Amino acid sequence: MLWHDGFCRIVLVEESDYPGYCRVILERHVSEMTDLTPPERARLMDAVFAAEAALREVLTPDKVNLASLGNAVPHLHWHVIPRYRDDRHFPRPIWAEPCRSAAARRAPERDRLADALQRRLG
């Protein structure tokens with residue numbers, strides 16, 4: 001876990017092809033954004049945007065993908081995925097068939113990501 005506040009948490013996903021991949025997970029069980037009140041939606045999206053900004057600051061990816069699917073796990077969560085032009089799937093989604101071999105990439109320093117999130121979210 002990189003950050004939490006009782007409403008949601010941001011976790012670092014152990015994914016060797018996508019170092020820095022985070023999930024923003026709502027603590028309460030709901031399956032859709034419209035199950036939240038407008039202030040709760042804004043609060044959750046603030047965490048998603050903070051995760052994106054922290055990844056951009058620490059990793060400087062070529063692109064950041066944001067996704068909320070919930071098809072396999074119907075619990076509201078957002079994927080925040082740093083992307084690089086030479087990653088296995090670029091420009092396709094990471095869940096598609098790979099189009100090249102994985103590029104060697106170091107995992108981000110967990111503390112740097114956690115600090116960047118703390119500065120943005122308190």
Side-chain angles (χ1 to χ4, degrees):
M1 185 164 6
L2 295 171
W3 181 88
H4 67 94
D5 71 351
F7 176 74
C8 66
R9 65 188 182 275
I10 301 174
V11 299
L12 187 60
V13 176
E14 297 299 327
E15 175 57 66
S16 60
D17 287 340
Y18 297 94
Y21 178 168
C22 293
R23 276 195 200 104
V24 180
I25 305 166
L26 186 70
E27 293 293 343
R28 187 169 97 232
H29 180 69
V30 301
S31 59
E32 306 297 343
M33 286 293 290
T34 53
D35 292 334
L36 302 177
T37 65
E40 289 172 325
R41 289 178 210 156
R43 186 173 175 185
L44 184 60
M45 293 313 296
D46 284 346
V48 171
F49 299 147
E52 176 185 329
L55 290 172
R56 292 182 70 197
E57 173 190 324
V58 173
L59 299 176
T60 61
D62 296 316
K63 180 75 177 89
V64 177
N65 289 170
L66 303 177
S68 179
L69 306 171
N71 298 331
V73 179
H75 180 98
L76 190 53
H77 63 284
W78 282 83
H79 302 265
V80 185
I81 310 159
R83 300 296 305 275
Y84 299 89
R85 287 181 186 11
D86 64 350
D87 74 38
R88 289 183 64 194
H89 298 91
F90 198 88
R92 297 185 286 189
I94 68 166
W95 299 285
E97 288 296 316
C99 52
R100 69 184 61 80
S101 298
R105 209 168 302 292
R106 279 185 359 173
E109 295 176 35
R110 180 186 278 290
D111 290 344
R112 283 191 65 208
L113 275 176
D115 289 346
L117 286 167
Q118 186 64 34
R119 281 194 316 277
R120 286 167 174 79
L121 295 168

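Just so it is clear, the structure is predicted and the values come from calculations on it, not from any experiment.
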Point to revise | With His4 via side chain to side chain donor-acceptor pair (under 3.5 Å) - residues at least two apart | key: none
Point to revise | Joint hydrophobic cluster, Leu44 plus Leu2, side-chain heavy atoms closer than 4.5 Å | key: yes
**Study point:** Donor-acceptor contact below 3.5 Å, side chain Asp115 vs main chain Gln118
**Key:** no
Check your understanding: Would His75 and His77 count as a close aromatic pair, with their ring centres under 6.0 Å?
Key -> no
Review point. Any donor and acceptor pair, going by atom type alone, linking the side chain of Arg88 with main-chain N or O of Cys99 inside 3.5 Å?
Key: no
Practice item. Using atom types as modelled and distance alone, determine if a side-chain donor or acceptor of Arg100 lies under 3.5 Å from a backbone N or O of Phe90. Key: yes
Point to revise | Joint hydrophobic cluster, Leu113 plus Val80, side-chain heavy atoms closer than 4.5 Å | key: yes
Check your understanding: With a 4.5 Å heavy-atom cut-off, do Arg43 and Phe7 have their side chains touching?
Key -> yes
Exercise for review: Return yes if some donor-acceptor pair links the side-chain N/O of Asp62 with the main-chain N/O of Arg85 below 3.5 Å, else return no.
Suggested key: yes
Review point. Remaining members of Met1's ILVMFWY cluster at a side-chain heavy-atom cut-off under 4.5 Å?
Key: Val11, Ile25
Review point. Would Leu36 end up clustered with Leu66 when hydrophobic side chains under 4.5 Å apart are linked, directly or stepwise?
Key: yes
Revision key, fill the gap. Residues passing the salt bridge (charged side-chain N to carboxylate O under 4.0 Å, His left out) test with Arg92, sequence neighbours excluded, are none
Review point. In terms of hydrophobic clusters joined by side-chain contacts under 4.5 Å, are Tyr21 and Leu26 together?
Key: no
Review point. Is the NZ or CZ atom of Arg105 both under 6.0 Å from the centre of the six-membered ring of Tyr84 and within 45° of that ring's axis?
Key: yes
Practice item. State yes or no: do Val58 and Tyr18 share one hydrophobic cluster built from I, L, V, M, F, W and Y residues joined by side-chain heavy-atom distances below 4.5 Å, directly or via other members? Key: no
Check your understanding: Can Asp17 and Ile94 be said to form a side-chain contact (heavy atoms from CB on, under 4.5 Å), step by step?
Key -> CA-CA 9 Å; Asp17 287 340; Ile94 68 166; over 6 Å; no
Exercise for review: Might you point out which heavy atoms bring Ala47 and Cys8 nearest each other, and give the distance in Å?
Suggested key: CB-SG, 3.8 Å
Review point. For Trp78, does its backbone N or O pair with a side-chain atom of Arg23 as donor and acceptor, under 3.5 Å?
Key: no
Review point. Roughly how far, to the nearest 0.5 Å, is the CD atom of Glu57 from the CD atom of Glu52?
Key: 13.0 Å
Review point. If you take all heavy atoms of Pro74 and Ser31, which pair is closest and at what distance?
Key: O-CB, 3.4 Å
Practice item. Answer whether the closest heavy-atom distance between the side chains of Val64 and Ile81 falls below 4.5 Å. Key: no
Check your understanding: Taking everything shown except Arg56 itself, do over 12 heavy atoms lie less than 6.0 Å from its CZ?
Key -> no
Exercise for review: Please report the closest heavy-atom contact between Cys22 and Val13, naming both atoms and the distance.
Suggested key: C-CG2, 4.2 Å
Practice item. Give the minimum heavy-atom separation between Gly20 and Leu59, together with the two atoms involved. Key: CA-CD1, 3.8 Å
Revision key, fill the gap. Between Leu76 and Ser68 the two heavy atoms that sit nearest each other are CD1-OG, 3.9 Å
Exercise for review: For residues His89 and Glu97, determine if any side-chain heavy atom of one lies less than 4.5 Å from a side-chain heavy atom of the other.
Suggested key: no
Check your understanding: Quick one: are Arg9 and Trp3 in side-chain contact, heavy atoms under 4.5 Å?
Key -> no
Check your understanding: Has the side chain of Arg120 got a donor or acceptor atom that lies under 3.5 Å from a matching backbone atom of Ala116?
Key -> yes
Check your understanding: Which pair of heavy atoms, one from Pro82 and one from Pro19, lies closest together, and at what distance?
Key -> CG-O, 3.4 Å
